[in-house]
Amino acid sequence: MWISIYNRDGVGDVVMFSKGTLSKDLIATSTVGDVTRIYNRETKETMGYNIQNISKLIPIEGKGRVQLSQIQLDIINQALYEQDFETIPFEDDPRLVVAEVLEVEDLEGSDHLHITKTRISENEVVQIVCGAPNVREGMFVVAALPGAVMPNGQVIWEGELRGVSSYGMLTSAFELGVDPEHVRKGILEIKNDVPVGTSFDKINSEQFVEA
């Protein structure tokens, strides 16, 4: 999953693309014109691009994570292609979605972590490690999938906890920005009549289960 970030006030007229994290010792870059490619020096996999003077190509509105249209991305991909760089696929699937916890298993060696099997769409079940005390089987929650940008600016990627892979995270109301006083404890529970896969921005507080 690629994400695009733009903050003209903070870093200038640069759009930054990323599809994951990379340790500092593995970061390598290559620059041609206004395009800098960030890649894994061992595997050579492209992990991101910084494109300077982006307003010469397309207008971008907003700050932080920005969702580019297919036409905007086509223009950027043409520029990447002309510099012999890998192009970026168009993806507009929501990254904060209603999900159903199907299984919960204690993580061996931890006093609070659990391994869940969580359904994030009609046909897709993923493994997510969760430390919330209220997680349970049959619970409807909000999953932050890889590529999600949280209200505090944190970007969620696929990772590991205690050596166990986790496809994103199950989120609290506080992390979602709907409980600034941090009154609700644990992960946010959603009513089970909300379809799995529904984007979080399509639901309202009346669909939260009372704390």
Side-chain angles (χ1 to χ4, degrees), residues 1-12 14-21 48 60-69 72 90-102 104 112-121 124-136 138-161 165-211:
M1 175 70 187
W2 287 85
I3 66 168
S4 48
I5 295 175
Y6 184 73
N7 184 353
R8 184 161 192 153
D9 294 335
V11 296
V14 183
V15 65
M16 296 172 285
F17 290 93
S18 176
K19 68 171 184 177
T21 58
I60 296 182
E61 296 181 0
K63 182 178 179 180
R65 183 178 181 183
V66 290
Q67 182 64 50
L68 301 180
S69 69
Q72 288 176 313
F90 179 71
E91 299 168 309
D92 62 353
D93 293 336
R95 308 315 292 166
L96 286 170
V97 300
V98 175
E100 180 185 8
V101 179
L102 301 178
V104 178
H112 71 287
L113 292 176
H114 310 279
I115 304 171
T116 76
K117 298 297 184 186
T118 299
R119 186 164 64 94
I120 59 173
S121 69
E124 186 174 10
V125 176
V126 299
Q127 177 172 284
I128 298 178
V129 178
C130 178
N134 64 328
V135 64
R136 68 179 190 280
M139 188 179 190
F140 279 58
V141 298
V142 178
L145 307 181
V149 180
M150 306 304 291
N152 66 359
Q154 178 187 11
V155 181
I156 306 302
W157 296 113
E158 188 170 1
E160 290 188 354
L161 287 171
S165 62
S166 182
Y167 193 77
M169 72 177 189
L170 306 183
T171 59
S172 68
F174 177 74
E175 290 165 330
L176 291 165
V178 296
D179 179 24
E181 301 301 322
H182 212 169
V183 174
R184 289 175 173 264
K185 304 303 179 184
I187 51 178
L188 177 64
E189 184 170 6
I190 304 299
K191 293 181 179 179
N192 61 12
D193 58 352
V194 181
V196 167
T198 299
S199 177
F200 176 66
D201 62 10
K202 302 296 185 185
I203 66 176
N204 56 59
S205 60
E206 292 182 356
Q207 294 167 299
F208 303 167
V209 173
E210 291 186 10

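Side chains included, hydrogens not; waters and symmetry mates left out as well; all remaining heavy atoms used.
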Could I get the full list of salt bridge (charged side-chain N to carboxylate O under 4.0 Å, His left out) partners for Arg119, not counting sequence neighbours?
-> Glu100
Mind listing the closest non-hydrogen atom pair of Thr116 and Cys130 along with its distance?
-> CG2-CB, 4.3 Å
Return each pair, listed once, that meets side-chain hydrogen bond (donor to acceptor under 3.5 Å, both in side chains) where at least one residue sits in residues 138-159; pairs must be two or more places apart or across chains.
-> none
Quick one: side chain to side chain donor-acceptor pair (under 3.5 Å) partners of Gln127, sequence neighbours excluded?
-> Lys117, Ser165
Nearest-0.5 Å distance, CZ of residue Phe200 to CD1 of residue Ile190 | 6.5 Å
Which residues share a side chain to side chain donor-acceptor pair (under 3.5 Å) with Arg8, sequence neighbours left out | none
Nearest atoms (heavy-atom pairs only) where Val104 meets His114 | CG1-CB, 3.8 Å
Nearest heavy-atom pair of Pro195 and Thr198: which atoms, and what distance?
-> O-OG1, 2.7 Å
Mutual orientation of the aromatic rings belonging to Phe17 and Trp2 [parallel < 30°, tilted 30-60°, perpendicular > 60°] = perpendicular
Residue list, side chain to side chain contact (heavy atoms under 4.5 Å, CB included) with Pro94, at least two apart or on another chain | Val97, Ser199
Between Ile128 and Ser166, does a side-chain contact (heavy atoms from CB on, under 4.5 Å) hold up when you go through it step by step?
-> CA-CA 4 Å; Ile128 298 178; Ser166 182; 3.7 Å; yes
Listed partners of Val14 passing side chain to side chain contact (heavy atoms under 4.5 Å, CB included), at least two apart = Met16, Asn50, Gln52
Can you list every pair that meets salt bridge (charged side-chain N to carboxylate O under 4.0 Å, His left out) and has a residue in residues 201-211, with sequence neighbours left out?
-> none
Please list, chain by chain and in numerical order, all residues satisfying side chain to side chain contact (heavy atoms under 4.5 Å, CB included) with Val149, sequence neighbours excluded.
-> Ile3, Arg65, Val155
Verify, without hydrogens or angle tests, whether Ser121 (side chain) and Gly197 (backbone) share a donor-acceptor contact under 3.5 angstrom.
-> no
Residue set satisfying side chain to side chain donor-acceptor pair (under 3.5 Å) with Ser18, at least two apart, ordered chain then number -> none
Do Ile60 and Leu68 pass the side-chain contact (heavy atoms from CB on, under 4.5 Å) test, and can you show the C-alpha distance, the side-chain angles, and the key distance before you say yes or no?
-> CA-CA 8 Å; Ile60 296 182; Leu68 301 180; 4.3 Å; yes
Using atom types as modelled and distance alone, determine if a side-chain donor or acceptor of Arg95 lies under 3.5 Å from a backbone N or O of Ala144.
-> no
Here the gap from Leu170 atom CG to Thr118 atom OG1, rounded to the nearest 0.5 Å, amounts to 5.0 Å
List in chain and number order the residues that pass side chain to side chain contact (heavy atoms under 4.5 Å, CB included) with Ser69, two or more places apart in sequence or in another chain; answer none if no residue qualifies.
-> Ile71, Gln72
Side chain to side chain donor-acceptor pair (under 3.5 Å) involving Tyr6 - partner list, sequence neighbours excluded | Asp13
List the atom of Gly186, the atom of Ser172, and the distance in Å for their closest heavy-atom pair.
-> O-CB, 3.2 Å
Between the main-chain N or O of Ile187 and the side-chain N or O of Asn134, is there a donor-acceptor pair closer than 3.5 Å?
-> yes
Assess whether side-chain contact (heavy atoms from CB on, under 4.5 Å) is satisfied between Met150 and Thr171, documenting all intermediate values.
-> CA-CA 10 Å; Met150 306 304 291; Thr171 59; 3.9 Å; yes
Which residue pairs pass the salt bridge (charged side-chain N to carboxylate O under 4.0 Å, His left out) test when at least one of the two sits in residues 172-193, sequence neighbours left out?
-> Arg136-Glu189
